[in-house]
Structures are given as structure tokens and as C-alpha cells.
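What you are looking at is a predicted structure, and each value in this text was computed from that prediction instead of being measured.
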Amino acid sequence: MAAAPSEEQFAVLQILLKASKKDEIRHLCQECFLSSANGSEKLIEDACSTLSVASDEAKQLICSLHSLSRHVVHQGLTSPEEILSLFPEGFHQNLKNLLTKIILENLSAWRNEVQASQISLPRLIDMDWRVDIKTSSDCVSRMAVPTCLLQLKIQEDAALCGNELTTSALTIELNKQTVDTMLDGLGRIRDQLSAVANK
């Protein structure tokens, strides 16, 4: 979770008042959200030339913008009032409103970016099944026994696979007892999910 920006970080944000255009502030905010923003030499140079500040001030500004935007996303703040309430009293009103507007414009894209960059379990993307009758076996008792072949198509997490989406297929053979057990378990899962969703 991203910590709330400190008083010092909010004070550093006032450097943005040196920008000659709102688009310069918008661009800096968008770039500062990225994980790679802290310590990015190119971003520091951009901030120095755009705002006519020293590299130390630019680094502090980038860190402050990064902290603010990440905090808003991680806390799930979605209304202007929630974001405005983060700013300390006495903060420049027009800059506060502009930063809030920029954050709200980018919130959806930033949230998607955070979700995409999280390591997650493989996702089930498709399922197929068929029932077969085993007609030959080395055991007489298993002759003419119905079995279910279940094929699961799974998408691996891109972060674990070099940022490429890889899909694999897993085929499982299930007898009637195993299918009954699995369906009973899935039924319980469905009931628990419904109970949580209805709270």
C-alpha cells in the first residue's frame, strides 16, 4: 500500500506553480505514476527543464507526485471531495483543483496498470469436457466404466512469463465419484461467493 504523502511532500508540490502550461503539469503527473518514475534520469531532466528547477528539487517533486497518485489509487479514492481532503490547509487552491482533476482523468488507466502489474494466479479462460466409456483395461472391473475428460485452458500471469500471455491446456480424467466430490465443492464455493457478494 502507498503511504499518504507527508506535509513536506505536499509543500514540494507547490513547485508545479512554476509550470507555464497545465499540460506540462498533466504530463508530469502521468509520468510520475509509473513504478519506474523514482530515479528516472530522463524524467528528472524533463522536470528540470520544464520547471527551471535543480535536479534535487525535481527528484523530490517526482517522488511527491508518485506518492500522491499511488496513494489515491491504492486507497480507492474516486470522488473529487476524497482527493481534495488529502491536501493540507493553505495549499494553493487552483493547483489543488488542477491536480485533483488530472488524477481523476487518469484514475481508471492507473488502476488498470496497477492490476496488470500485480502477480496473480493463473486464470481459467475456457473449459471443455466430454464423457468417454473405457472399453479396455488391464483390470476387468474397469471395463465399460464412464469417465469424464475435463480440459481447462489456463492463462499464466504475464509478469511471470516475461510479459507475454501464455496459454496452456490441462486435461484431467475424472470418475463419477470424483465429479460428484468436485461438484459438491464447487457448490459450496458458489454459496460462499454469493453470501459475500450479498453483504
How close do P5 and L68 get, heavy atom to heavy atom, and via which atoms?
-> CG-CA, 3.6 Å
Does any non-hydrogen side-chain atom of K22 lie less than 4.5 Å from one of I102?
-> no
Any chance you could lay out the side chain to side chain contact (heavy atoms under 4.5 Å, CB included) test for R26 and C29, step after step, and finish with the verdict?
-> CA-CA 5 Å; R26 182 173 281 109; C29 288; 5.9 Å; no
Under 3.5 Å donor-acceptor, S49 side chain and E45 backbone | yes
Report the C-alpha separation of V12 and L65 in whole Å, then their side-chain angles, then the decisive distance to 0.1 Å, and conclude whether the side chain to side chain contact (heavy atoms under 4.5 Å, CB included) test is met.
-> CA-CA 9 Å; V12 169; L65 282 171; over 6 Å; no
Say you draw a straight line from OG of S79 to CG of L104; how long is it, rounded to the nearest 0.5 Å?
-> 8.0 Å
K176 and P146, any side-chain heavy atoms less than 4.5 Å apart | no
Measure the CG-CD1 distance between L61 and I44 for me, rounded to the nearest 0.5 Å.
-> 10.5 Å
Separation between CD1 (I83) and CD (Q75), nearest 0.5 Å, reads 12.0 Å
Rounded to the nearest 0.5 Å, how far apart are CG of N106 and CG of N112?
-> 11.5 Å
Run the numbers on L86 and H71 for side chain to side chain contact (heavy atoms under 4.5 Å, CB included), then give the verdict.
-> CA-CA 10 Å; L86 295 174; H71 179 72; 3.8 Å; yes
Rounded to the nearest 0.5 Å, what separation is found between the CG atom of L152 and the OG1 atom of T171?
-> 8.0 Å
Between L77 and R111, which heavy-atom pair has the shortest distance, and what is it?
-> O-NH2, 4.4 Å
Closest contact, heavy atoms only, Q14 versus G90 = NE2-O, 4.4 Å
Trace of the side chain to side chain contact (heavy atoms under 4.5 Å, CB included) decision for Q151 with L149 = CA-CA 7 Å; Q151 184 181 57; L149 289 175; over 6 Å; no
Which of these, L51, D56, T50, sits in a side chain to side chain contact (heavy atoms under 4.5 Å, CB included) with V53?
-> L51
Mark yes or no for whether Q192, through its side chain, and I189, through its backbone, hold a donor-acceptor pair below 3.5 Å.
-> no
Does one hydrophobic cluster hold both L13 and L107, with members joined at side-chain heavy-atom distances below 4.5 Å?
-> yes
Min side-chain heavy-atom separation M182-L150 under 4.5 Å = yes
If you take all heavy atoms of L95 and I25, which pair is closest and at what distance?
-> CD1-CD1, 4.3 Å
List the steps and the verdict of side-chain hydrogen bond (donor to acceptor under 3.5 Å, both in side chains) for S194 and D191.
-> CA-CA 5 Å; S194 297; D191 295 342; 5.5 Å; no
Over all atoms of both residues, closest heavy-atom pair of G76 and E82 | O-OE1, 4.5 Å
To the nearest 0.5 Å, what is the distance between CZ (F87) and NE2 (H92)?
-> 12.5 Å
Nearest heavy-atom neighbours spanning I103 and V72 | CG2-CG1, 3.7 Å
With hydrophobic residues grouped by side-chain heavy-atom distances under 4.5 Å, do I133 and L174 end up in a single group?
-> no
Using the six-membered ring wherever Trp is involved, compare the ring planes of W110 and F33 and label them parallel, tilted or perpendicular (cut-offs 30° and 60°).
-> parallel
